[in-house]
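In each ligand, atom 1 is the first atom listed, and ligand 1 is the first ligand listed.
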Amino acid sequence: MKIICIGRNYSEHAKELGNEAPKEPLFFLKPDSAILPKRVPFYIPEFTKDLHFEVELLVKINKVGKHIEERFANTYYDKIGLGIDFTARDLQGECKSKGLPWEKAKAFDGSAVFGKEFIDKSEFESVQGIEFSLIKNGVQVQIGNSRDMIFTIDQIISYVSQFFTLKIGDVIYTGTPAGVGPVKIGDKLEGFIGEKQLISLDIK
Ligand code: ZN
């Protein structure tokens, strides 16, 4: 499987990092080795001094597709999840300033955290109205709603599938809202979709 991540999909977050809102979806990949195994803590890697959390809604692909039209995109997924896209912000800044790819900063081992389960999309009134949040050490640091996405889930699926064949089990990180920030050893992150807790992660 592959993990596709959308960058700058919430304008308030693009702004907080000094980026313009994109005119078309910006995406990058994480390998499957980036997935943090379930029920293990996250160890801050030694190569970064500025490790950031980004809480994001996830979409799990359930059908093989290529060149998917936007109006059919909703038939290519039936589950929504929650994840953290861990980012070595210092390395990312270095890559950006040199015009280099971001993988070193975004795709390292453990950088893709998945919540404990995916939720059937039929449980939501609309996939473009899902509230999600992240709490760090008991304080809410990020809150977002999929209605504020610059590109909707269907637009993302349609766009990405022009370049990559989507396969069953592929996961899309749909972008993070404002409020990203650093973690340090001893922190605890808790992620929610609505009231439902899906992530509980100790930082070591
Ligand atoms: Zn992200």
Side-chain angles (χ1 to χ4, degrees), residues 1-36 42 44-45 48 50-61 77 80-96 100-115 118 127 130-136 140-153 155-157 159-160 163-164 170-183 187 189-193 198-199 201 203:
M1 59 89 74
K2 57 187 171 296
I3 302 167
I4 298 152
C5 305
I6 308 299
R8 302 173 196 166
N9 201 26
Y10 290 82
S11 51
E12 290 303 313
H13 167 64
K15 253 188 248 167
E16 76 180 339
L17 294 184
N19 297 308
E20 276 181 36
K23 300 212 166 29
E24 53 189 29
L26 174 172
F27 67 90
F28 57 91
L29 298 178
K30 289 181 194 262
D32 58 6
S33 51
I35 300 169
L36 185 71
F42 176 85
I44 298 179
T48 178
D50 193 21
L51 202 270
H52 274 204
F53 54 79
E54 296 187 355
V55 73
E56 312 198 5
L57 287 179
L58 309 181
V59 171
K60 194 183 261 189
I61 299 297
Y77 71 99
I80 299 285
L82 189 72
I84 297 174
D85 166 20
F86 273 122
T87 304
R89 196 69 74 200
D90 45 356
L91 296 191
Q92 188 194 24
E94 219 177 281
C95 294
K96 275 186 187 166
L100 296 172
W102 295 357
E103 273 75 2
K104 208 164 71 171
K106 283 279 199 184
F108 54 85
D109 288 1
S111 63
V113 176
F114 290 174
F118 280 77
V127 292
I130 302 173
E131 191 178 275
F132 60 106
S133 60
L134 189 73
I135 289 176
K136 182 174 107 170
Q140 189 178 77
V141 284
Q142 287 193 277
I143 181 158
N145 191 303
S146 55
R147 82 167 93 85
D148 298 323
M149 288 179 177
I150 297 172
F151 302 103
T152 64
I153 293 170
Q155 287 170 334
I156 291 168
I157 288 175
Y159 184 82
V160 170
F163 301 90
F164 298 150
D170 287 352
V171 170
I172 303 177
Y173 275 69
T174 58
T176 194
V180 300
V183 286
D187 284 347
L189 296 178
E190 296 171 287
F192 295 81
I193 289 183
L198 294 167
I199 294 173
L201 186 66
I203 307 296

Inset, instruction - Please check if atom NZ in Lys2 has more than 12 non-hydrogen atoms from other residues, nucleotides or ligands closer than 6.0 Å. - result: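 Correct, the count exceeds 12.
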Legend entry - Heavy-atom check, side chain of Phe108 versus side chain of Thr48, under 4.5 Å: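 No - every pair of side-chain heavy atoms lies 4.5 Å or more apart.
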Identity of the N, O or S atom of [X] lying closest to the Zn ion (ligand 1):
X	answer
Glu56	OE2
Glu54	OE1
Asp85	OD2

Inset, instruction - Please round to the nearest 0.5 Å and tell me the distance separating atom CG of Leu198 and atom CD1 of Ile193. - result: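 Separation between the atoms: 5.0 Å.
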Legend entry - Pro182 backbone acceptor or donor facing Lys136 side chain under 3.5 Å: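 Answer holds: yes.
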